[in-house]
Number of protein chains: 2
Amino acid sequence: MSVTIKDIAKHAGVSYSTVSKALRDSPLVKKPTKTKILKIAEELGYQPNVAARSLVQKKSFTVGVVWPSVERVAPAILITQINDLLEKHSYTTLLSINKTESAIATFNRFQVDAILVFGENEDAIQHSTIKSTIPIVYYGIQANSRFPTIDVNRRIAIKLAANYLQDIGHQHIAFIGDLTDPLQKDKLTGFLEAMKLDNELELPNFIIPTKGLEVYDGYLAAKNLLSQDIPVTAIISGSYDLTRGILRATSELSLKIPDDLSIISYDNIPQFENLEVQLTTVGVPISRISQKISETLLAIMEDEPVDETIILDPELNIIDSCSPVNK
Amino acid sequence: MSVTIKDIAKHAGVSYSTVSKALRDSPLVKKPTKTKILKIAEELGYQPNVAARSLVQKKSFTVGVVWPSVERVAPAILITQINDLLEKHSYTTLLSINKTESAIATFNRFQVDAILVFGENEDAIQHSTIKSTIPIVYYGIQANSRFPTIDVNRRIAIKLAANYLQDIGHQHIAFIGDLTDPLQKDKLTGFLEAMKLDNELELPNFIIPTKGLEVYDGYLAAKNLLSQDIPVTAIISGSYDLTRGILRATSELSLKIPDDLSIISYDNIPQFENLEVQLTTVGVPISRISQKISETLLAIMEDEPVDETIILDPELNIIDSCSPVNK
DNA sequence: TTGTAGGCGTTATCAA
DNA sequence: TTGATAACGCCTACAA
């Protein structure tokens, strides 16, 4: 049985409503009374009961996060940052690893103040039929017109990268990515646009599909590409892990970056700084994504107006991993 | 504003206590009334308010999981299985990615029915000073005598592996693991016991410390070991990821498993079946761990007695990845 | 078989 | 500056 404000009241010899005020640091309580109450609360190990509080306040100061794919690494950094940002506004985050639909139901029963859904883990639900009294914010999927969505413009990102390479003179640019992944597919589209191509078949030698998104997949693709006799001068990589594989391949083949080969990698994470080679990257910095998500969540919880769709524009983060080419 | 039982009561033309009973499927309500109420509840999209319910029932049917390291892959499978098992008993799990101490505080405020702490992510807290009215179950750490702990006997696991290799004639057995990790250290102890050694310095060539627990660390260690002129006939690996790296190294060096080299890997996960090579493994099957954890959680929530410390014994899962050696 | 009333721990409103 | 009291949504005796 846990400690309640009534217990504290008894110990302090005051009424429990005074205790309540004291704990909320109300100016309506005298200093000495307050100090005394706080001390007793501390001694007794008092923890306010969220259930009771949210019942009367109709607020739980909690954000529910739908997280059906615990295995994924990339969003992990995001969620950590979001958690920290929300904490500063005294909100707590709670994750559910259940399927999107039942996770949302759970959070509705818990009366959290907002729900964040990571679209990257599509368990193929009709987002339009989702029932939720509680506002939802989506990341990485344009699913539901009722609720705001935050996403990254991956197409533009890769287009930016390819255009930049073209600007400094590159003509033989390869793209490495997993074309079975819809998000990666977006990136390919950007690549094709920049290269003025209609589809990937027009340039088979320079568009290298991988079997997955792991480091080793990138390694295989790069090894395959670079050991053939194709005059490639630059590579655009679809993700951080693929890039790590590509770098392993170039190092095995003793290729110097950027002298022998230019590389630009898609991604949003700061880990690139730990890589052997400093690379030019393109994408929305993860801190901006988490910032935007937190802002949106906070706004929606305070009943402030929020944009329906927020597409974050990527940036090119140029480091000397690309060298100009003279034809 | 969400739907309450009173709303349902109005629509159904009955009192709200009848609705409450109907929803809980009480035998005190007539079939037709029940059906009608259930139908209306469904239509209105009624979701019971956990806050209100747990206030009166003093139960939330929720287990809080302390999960400070979202990045880790191995425990992810565990938590998924535990979640599924608990769900069968109509419990929900909620994860917190905050630091252990504040996560426990949060769950206390939320009045969850039990807390599960994964010891693998040590953020160096004094577990003995943890204040929690709610029962805690620890996994992977023997931290606190007040609460039950479930753990795997890693030392015995590796000892089992080494002894088995010795039994089939191996004498030159190497151990690859990250010796800075306390859990890995346990494994080394088992190795040393089996090899009848006092410390790792007695056999430096056969004890290969890695810099971390990633695939690449295993790769480097194995490459380093195997390209020297050391007559090693068998390797024991400290984890799944390290093993993947080791396999990459052996494949690069065109070593055949088990003809040229025997390998036994520590771990508890079923992923091994997806590997290029079927390996002999040693550890507690992950399903047994999640089973035991769920059982313990359920027992402790029903106020049934539970053992204080539960050390699970590992098993050797012999596949033909080891071949006998004749001296 | 249904309805009424009291209470769970908290906050908020009013009265003292 | 404090204390009493009514909610919040739900469950459960007990009364009708």
Side-chain angles (χ1 to χ4, degrees), chain A residues 1-38 40-41 44-62 90 107-113 133-134, chain B residues 1-38 40-41 44-62 90 105-113 133-134:
Chain A
M1 189 57 197
S2 45
V3 186
T4 74
I5 50 172
K6 290 190 183 169
D7 298 321
I8 301 178
K10 251 178 233 151
H11 280 254
V14 294
S15 84
Y16 68 84
S17 68
T18 306
V19 174
S20 174
K21 284 172 206 147
L23 291 172
R24 321 230 71 231
D25 200 24
S26 156
L28 299 176
V29 181
K30 262 203 299 196
K31 257 281 172 55
T33 326
K34 208 184 274 181
T35 338
K36 188 167 132 204
I37 292 175
L38 254 33
I40 296 179
L44 264 42
Y46 170 77
Q47 290 277 29
N49 184 325
V50 179
R53 173 179 292 176
S54 71
L55 196 55
V56 34
Q57 290 199 152
K58 294 174 161 302
K59 272 215 72 149
S60 59
F61 287 92
T62 306
S90 62
F107 287 136
N108 269 270
R109 284 185 282 112
F110 271 86
Q111 304 272 92
V112 300
D113 300 332
T133 328
I134 295 165
Chain B
M1 190 56 199
S2 45
V3 186
T4 74
I5 50 171
K6 287 187 183 169
D7 298 320
I8 301 177
K10 248 177 236 153
H11 281 255
V14 296
S15 84
Y16 64 84
S17 72
T18 307
V19 175
S20 172
K21 283 173 207 147
L23 290 172
R24 321 232 68 231
D25 200 26
S26 155
L28 301 176
V29 181
K30 263 204 297 196
K31 256 280 171 54
T33 325
K34 208 184 275 182
T35 337
K36 187 167 131 206
I37 292 175
L38 253 33
I40 296 179
L44 263 43
Y46 170 76
Q47 290 278 26
N49 182 324
V50 178
R53 174 177 289 178
S54 72
L55 239 199
V56 32
Q57 289 197 152
K58 296 176 158 301
K59 270 214 76 148
S60 58
F61 287 93
T62 305
S90 61
T106 302
F107 286 135
N108 268 270
R109 284 184 282 114
F110 270 86
Q111 304 273 90
V112 300
D113 299 333
T133 328
I134 294 164

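All values reported here derive from a predicted model rather than from experimental measurement. Only this structure's heavy atoms are used, side chains among them; waters, hydrogens and symmetry mates stay out.
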Colleague: Check Val112(A) against Thr62(A) and note the closest heavy-atom contact, atom names and distance.
Modeller: CB-O, 3.4 Å
Colleague: Test of understanding: with side-chain hydrogen bond (donor to acceptor under 3.5 Å, both in side chains), list the residues that count as partners of Ser15(B), not counting sequence neighbours.
Modeller: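 Residues passing side-chain hydrogen bond (donor to acceptor under 3.5 Å, both in side chains) with Ser15(B): Ser17(B), Thr18(B).
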Colleague: Please tabulate, one pair per line, all N/O donor-acceptor pairs under 3.5 Å involving side-chain atoms of residues 44-53 of chain A, not counting sequence neighbours.
Modeller:
residue  : atom : partner  : partner atom : Å
Asn49(A) : OD1  : Ala51(A) : N            : 2.8
Asn49(A) : OD1  : Ala52(A) : N            : 3.2

Colleague: Rounded to the nearest Å, what distance is computed from the CG atom of residue Leu44(A) to the C1' atom of nucleotide dG9(C)?
Modeller: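 To the nearest whole Å, that distance equals 15 Å.
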Colleague: Distance check needed: dT10(C) C1' versus Ile37(A) CD1, whole Å only.
Modeller: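 These atoms are roughly 15 Å apart.
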Colleague: Starting at NZ of Lys58(A) and ending at P of dA12(C), how long is that distance when rounded to a whole Å?
Modeller: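 Answer to the nearest Å: 13 Å.
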Colleague: Using a 4.0 Å heavy-atom cut-off across all strands, classify Thr33(A) as base, sugar-phosphate, or nothing.
Modeller: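 Sugar-phosphate contact only - Thr33(A) comes under 4.0 Å of backbone atoms but never of a base.
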Colleague: List the residues meeting side-chain contact (heavy atoms from CB on, under 4.5 Å) with Lys6(A), not counting sequence neighbours, and say none if there are none.
Modeller: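 For Lys6(A) the side-chain contact (heavy atoms from CB on, under 4.5 Å) partners, ignoring immediate neighbours, are Thr4(A), Tyr16(A).
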Colleague: Is it the case that over 12 heavy atoms from other parts of the model lie below 6.0 angstrom from the NZ atom of Lys10(B)?
Modeller: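 Counting other residues, nucleotides and ligands, NZ of Lys10(B) stays at 12 neighbours or fewer.
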Colleague: What is the distance, to the nearest angstrom, from the CG atom on Leu55(B) to the P atom on dT10(C)?
Modeller: 9 Å
Colleague: Please list, one pair per line, the donor and acceptor atoms closer than 3.5 Å that link side chains of residues 22-33 of chain A to other protein atoms, with sequence neighbours excluded.
Modeller:
residue  : atom : partner  : partner atom : Å
Asp25(A) : OD1  : Lys34(A) : NZ           : 3.2
Ser26(A) : OG   : Leu28(A) : N            : 2.9

Colleague: Can you check whether Gln111(B)'s main-chain N or O pairs, donor with acceptor, with Ser60(B)'s side chain at less than 3.5 Å?
Modeller: yes
Colleague: Whole angstrom is fine here: how far is it from CD1 in Ile8(A) over to C1' in dT10(C)?
Modeller: 12 Å
Colleague: Which residues satisfy the ring-ring contact (aromatic ring centres under 6.0 Å, His included) test with Phe61(B), sequence neighbours excluded?
Modeller: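 Only Tyr91(B) meet the ring-ring contact (aromatic ring centres under 6.0 Å, His included) criterion with Phe61(B).
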Colleague: Grab the CZ-C1' distance between Phe110(B) and dG9(C) for me, whole Å please.
Modeller: 15 Å
Colleague: If an axis is fit to five pairs at each end of the helix from dT1(C)-dA16(D) to dA16(C)-dT1(D), what is the angle between the two, to the nearest 10°?
Modeller: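 Taking five pairs per end, the axes differ by 50°.
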Colleague: To the nearest Å, give me how far apart CG (Asp7(A)) and C1' (dG9(C)) are.
Modeller: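 Rounding to the nearest Å, CG of Asp7(A) and C1' of dG9(C) are 10 Å apart.
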Colleague: Ignoring hydrogens, what is the shortest heavy-atom contact between Ser2(B) and Asp7(B)? Give both atom names and the distance.
Modeller: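 That closest heavy-atom pairing would be O-OD2, 3.9 Å.
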Colleague: Hey, does the side chain of Thr18(B) come within less than 4.0 Å of dT1(C)'s phosphate (OP1/OP2), counting only N and O?
Modeller: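 No, Thr18(B) has no side-chain N/O under 4.0 Å of OP1/OP2 on dT1(C).
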Colleague: If only side-chain N and O atoms of Lys34(A) are considered, is one of them under 4.0 Å from the OP1 or OP2 phosphate oxygen of dT1(D)?
Modeller: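 The answer is no; no side-chain N or O of Lys34(A) sits under 4.0 Å from OP1 or OP2.
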Colleague: Give the B/S/- string for nucleotides 10-16 of chain D, one per nucleotide from 5' to 3', where a protein heavy atom under 4.0 Å of the base yields B, of only the sugar-phosphate yields S, and otherwise -.
Modeller: BBB----
Colleague: Could you state the atom-to-atom distance from CG of Asn108(B) to C1' of dG9(C) in whole Å?
Modeller: 15 Å
